[in-house]
Amino acid sequence: MTPGRALSPGRATTSARATTPGRALARRAVAGLVLLTATATATACATGPSLENQGEVTAPPGDSRELTIGSAGFTESDLLAQLYALLLEHAGYSADIISVTNREIYEPALESGQIDVVPEYAATFADWLNAKANGADATPVGSPDLAATMKALRALAAPRGLTVLDPGRAVDQNAFAVAASYAKKHGLKTLSDLGAAKLPVRLAAGDECVQRPYCAPGLRKTYGIDIVAVDPKGVGTTQAKQAVQNGQDQLVLTTTTDATLDQFGLVLLADDKKLQNADYVVPVVNRARAGSDRVRDALGRLNTVLTTADLASMNQQVDSWRRLPEDVARNYLESKKLIPEE
């Protein structure tokens, strides 16, 4: 399971992402992390502080010049945290990064102002906050509809003193891939094509795929794909991709930012009927400390350039090429003219 990516009822996590912590711009000392963890754990046992003190919600947005960005500890989250930190530093802020791999810990810390900014995923975070507010059995509010998902997410975040900034174009959601040779042989470009082909399909995925509505059941219902078995090799793992590469399985569950598919001769099939939830990347900030237009504008600059393909490429540079997340993030922003070259 990917650290930090608590799961909405339909979303599978991926073990393919490395948990390389990277070199933060200014990581806090271990003692500081221990204090944060202890405090946030205590906070998680009760209602968030912003709900206890409605002044946190109605007060004007804050603009602290010393901000702490939280990373969930896996490669993509580290990269996004570095991108945020560099953009904020360019806008005149002091930005530290701290890695807290458990959402049950970092979300209460975000509410309390121990963390000021985190990169999140719209549908997943909406469902997580919904479950926190309304119970684990609450009807999911995340959906493939980005506008509806964002509306629900902001409604859930606001009472907790959190502001959800605008999403960009980058999305990290479940995706399904086949061998390129298999796609060519059967003329497959979309999941609808696979359903229309009426081929028996073994799906390499996690155990939970058997029941999750956006995995095997959704593929059958939405696309008419004949899933004859789920091979429990994990989500986007090397073993799962190899099983599709060698023909043992025909389909593998991965994510849209998986940059290793070419190495296994695999290609994604388009989710043309939009089965998957809108897990667009969104910055979430503590309103009282980082709710200003300056922060919004600084982080919003990323929305004009960052694509899903860009995010996949940066993941590959860290996971496959062993480059440091900070260096990859800096080079990306410099190449897009969002920060000056060093």
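- Counting only distance, with no hydrogens or angles, the side chain of Q245 and the backbone of G265 share no donor-acceptor pair below 3.5 Å.
- A side-chain donor-acceptor contact under 3.5 Å links E334 to the backbone of E342.
- Of all heavy-atom pairs spanning K274 and Y223, the tightest one is N-OH, 3.7 Å.
- Once rounded to the nearest 0.5 Å, the distance linking CD1 of I339 with NE2 of H90 reads 7.5 Å.
- In this structure, S292 contributes its side chain and D63 its backbone to no donor-acceptor pair below 3.5 Å.
- Tracing side-chain contacts under 4.5 Å through hydrophobic residues (I, L, V, M, F, W, Y), one reaches L333 starting from L80; they form part of the same cluster.
- Annotation: side chain of L165 is in contact with side chain of V285 (closest heavy-atom distance under 4.5 Å).
- Of the possible donor and acceptor atoms, one in the side chain of D116 sits under 3.5 Å from a partner among the backbone N and O of T68.
- Under the 4.5 Å side-chain contact rule for hydrophobic residues, L261 and L269 do not share a cluster.
- Applying the ring pair (Phe, Tyr, Trp, His ring centres under 6.0 Å) test to residues at least two apart or on different chains, none of the pairs has a partner in residues 310-342.
- No donor-acceptor distance shorter than 3.5 angstrom exists from the side chain of R202 to the backbone of D231, with no hydrogens or angles considered.
- The backbone N or O of T255 sits nowhere less than 3.5 Å from a side-chain atom of N174 that would complete a donor-acceptor pair.
- Side-chain contact between P61 and V295 is absent, with no heavy-atom pair separated by less than 4.5 Å.
- Taking R154 as the reference, D166 meet the salt bridge (charged side-chain N to carboxylate O under 4.0 Å, His left out) condition, with sequence neighbours excluded.
- The heavy-atom pair separating A81 from P119 by the smallest distance is N-CG, 4.3 Å.
- Contact of the V244 side chain with the Y182 side chain is not registered, since no non-hydrogen atoms from C-beta on lie closer than 4.5 Å.
- Nearest heavy atom pair, residue I105 against residue P108, reads O-CD, 3.3 Å.
- For T308 (side chain) and V171 (main-chain N/O), a donor-acceptor pair under 3.5 Å exists by modelled atom type.
- Applying the 6.0 Å contact sphere to CD of Q239 captures more than 12 heavy atoms from other residues, nucleotides or ligands.
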- Mind running side chain to side chain contact (heavy atoms under 4.5 Å, CB included) on L306 and R169 for me, showing each step along the way? CA-CA 6 Å; L306 184 64; R169 292 182 286 166; over 6 Å; no
- Go through N277 and Q173 one step at a time and tell me if the side chain to side chain contact (heavy atoms under 4.5 Å, CB included) criterion holds. CA-CA 7 Å; N277 278 347; Q173 60 190 175; 5.7 Å; no
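- Contact check for V178 versus H186: no side-chain heavy atoms found under the 4.5 Å cut-off.
- Here the CG-OG1 distance, from D279 to T124, works out to 3.5 Å after rounding to the nearest 0.5 Å.
- M314 and L268 fall into different hydrophobic clusters, where Ile, Leu, Val, Met, Phe, Trp and Tyr side chains are chained together by heavy-atom contacts under 4.5 Å.
- Both Y106 and V284 are part of a single hydrophobic cluster, where members link through side-chain heavy atoms under 4.5 Å apart.
- Between Q82 atom CD and S77 atom OG the span is 10.5 Å, to the nearest 0.5 Å.
- K233 is listed as a side-chain neighbour of D249, based on a closest heavy-atom distance under 4.5 Å.
- N315 and T75 share no donor-acceptor pair across their side chains, judged by distance under 3.5 Å alone.
- With hydrophobic clusters built from ILVMFWY side chains whose heavy atoms lie under 4.5 angstrom apart, V230 shares a cluster with L194.
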- Task: Evaluate side chain to side chain contact (heavy atoms under 4.5 Å, CB included) for D271 paired with T256, printing each intermediate quantity in order.
- Result: CA-CA 10 Å; D271 180 20; T256 52; over 6 Å; no
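- In this structure, I69 and I98 have side chains that are not in contact, with every pair of non-hydrogen atoms separated by 4.5 Å or more.
- No donor-acceptor pair under 3.5 Å is formed between the side chain of N286 and the backbone N or O of I115.
- Judged by distance alone, with hydrogens and angles left aside, the side-chain atoms of S64 form no donor-acceptor pair with the main-chain N or O of L67 at under 3.5 Å.
- Scanning all heavy atoms of the two residues, the minimum distance from Y280 to G168 falls at CD2-O, 3.4 Å.
- Here the side chain of T149 pairs a donor or acceptor atom with the backbone of D145 at under 3.5 angstrom.
- The shortest heavy-atom contact between A122 and L153 is O-CD2, 3.8 Å.
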- Test K241 against D258 for side chain to side chain contact (heavy atoms under 4.5 Å, CB included), laying out the working first. CA-CA 11 Å; K241 292 171 190 171; D258 186 340; 2.7 Å; yes
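- The salt bridge (charged side-chain N to carboxylate O under 4.0 Å, His left out) search around D193 returns none, not counting sequence neighbours.
- A heavy-atom distance below 4.5 Å is not found between the side chains of L191 and K273.
- Nearest heavy-atom pair across I225 and R220 is O-CG, 3.5 Å.
- E120 is not listed as a side-chain neighbour of E107, based on a closest heavy-atom distance of 4.5 Å or more.
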